[in-house]
Amino acid sequence: MEKLSSVAKVRPIYEHVLQRLAPGDVFVVWDLDRAWRSAKDALVELDRLRERGIEIQIASLNLDTTTPHGKLLYTFISGLAEFERAMLSERTKQGLEAARRRGKRIGRPPKVSNRQIRAAQQKLELNEGTIDELAALNGVHPWTLRRRIKELNDIPI
């Protein structure tokens, strides 16, 4: 079972399965939006597989492309799956923006606190250590310490 998203550039299991399919086989995927990025991708893949004599089934919908009815539903559902992916992306962006407006920090927590950064900056100013020594003392790379000092100095107090 492929664990990677359909938007991943390289999907080794998916590619391996496609290579092993032979005429008369049925390629079964659990859900359309987990298999392809867009309606266009889904339809192009259906055409490629059908040219090789391979049909597709969508297990979660019990949909079979061997019938005209199944192909119509496949086409329609691939459009809905693309729409749902776009809506999910839009809702995620809106949620992140709303959180930022509320002052929430998005992303990984900092490795060092503002207090640790201020202390390191004070030691640097008093020549009580080098950036490399102070970074090692705080368990971060010197680049991280420099960047955090710059960030802290750019914030109005």
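Any value given below was found using the heavy atoms of this structure, including those in side chains, with hydrogens, waters and symmetry copies removed.
No continuous path of hydrophobic side-chain contacts links Leu63 to Val44 [ILVMFWY only; heavy atoms under 4.5 Å]. One hydrophobic cluster, built from ILVMFWY side chains closer than 4.5 Å, cannot hold both Val28 and Val17; they sit in different ones. In the hydrophobic clustering of ILVMFWY residues, with side-chain heavy atoms under 4.5 Å counting as a link, Leu80 and Leu88 come out apart. Taking hydrophobic clusters as Ile, Leu, Val, Met, Phe, Trp and Tyr residues chained together by side-chain heavy-atom distances below 4.5 Å, Phe27 shares a cluster with Leu61.
How far CD of Glu133 is from CG of Leu124: 9.5 Å, rounded to the nearest 0.5 Å. Interatomic distance, Arg146 CZ to Ile117 CD1, rounded to the nearest 0.5 Å: 12.0 Å. Interatomic distance, Asp25 CG to Leu49 CG, rounded to the nearest 0.5 Å: 10.0 Å.
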side-chain contact (heavy atoms from CB on, under 4.5 Å), that's the test. Do Lys123 and Leu137 meet it? Break it down for me. CA-CA 12 Å; Lys123 287 182 180 188; Leu137 184 66; 4.3 Å; yes

With side-chain contact (heavy atoms from CB on, under 4.5 Å) as the criterion, how do Ile56 and Val26 come out once you've worked through the C-alpha distance, each side chain's angles and the decisive distance to 0.1 Å? CA-CA 5 Å; Ile56 295 177; Val26 176; over 6 Å; no

side-chain contact (heavy atoms from CB on, under 4.5 Å) between Ile131 and Leu145, worked out: CA-CA 7 Å; Ile131 194 87; Leu145 185 59; 3.7 Å; yes

Applying side-chain contact (heavy atoms from CB on, under 4.5 Å), run through Arg52 and Leu21 and close with a yes or a no. CA-CA 9 Å; Arg52 292 174 49 197; Leu21 292 172; 3.8 Å; yes

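Here the side chain of Gln116 pairs a donor or acceptor atom with the backbone of Ser113 at under 3.5 angstrom. Looking only at distances, no side-chain donor or acceptor of Ser89 sits under 3.5 Å from a matching main-chain atom of Arg85. Ser78 places a side-chain N or O within 3.5 Å of a backbone atom of Tyr74 that can act as its donor or acceptor partner.
Side-chain polar atoms of Asn153 and Gln121 form a donor-acceptor pair below 3.5 angstrom. In this model, no donor atom of one side chain and acceptor atom of the other lie less than 3.5 Å apart for Thr130 and Asp132. No hydrogens or angles considered: a donor-acceptor pair under 3.5 Å links the side chains of Thr65 and Glu55.
Within a 6.0 Å sphere centred on CD of Gln94, other residues, nucleotides and ligands contribute more than 12 heavy atoms.
Among all heavy-atom pairs drawn from Ala120 and Asn138, the shortest one is CB-ND2, 4.3 Å. Asp31 approaches Ser60 most closely through the heavy-atom pair OD1-OG, 3.5 Å.
At a threshold of 4.5 Å between non-hydrogen side-chain atoms, the residues Trp36 and Val29 count as touching. Side chains of Lys71 and Leu46 form a contact here, defined as non-hydrogen atoms less than 4.5 Å apart. With contacts defined as side-chain heavy-atom distances shorter than 4.5 Å, the pair His141/Thr144 qualifies.
Residues forming a side-chain hydrogen bond (donor to acceptor under 3.5 Å, both in side chains) with Glu84 (at least two apart in sequence, or on another chain): Arg91.
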For residues 95-109, run the donor-acceptor check on the side chains, cut-off 3.5 Å, and write out each pair with its distance to 0.1 Å, sequence neighbours left out.
residue : atom : partner : partner atom : Å
Arg105  : NH1  : Arg108  : O            : 2.8

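Salt-bridge formation is not detected for the pair Arg48/Glu51: no Lys NZ or Arg NE/NH1/NH2 atom is positioned less than 4.0 Å from an Asp or Glu carboxylate oxygen.
Of the candidates Thr66, Asn62, Thr67, Asp64 forms a side chain to side chain donor-acceptor pair (under 3.5 Å) with just one, namely Thr66.
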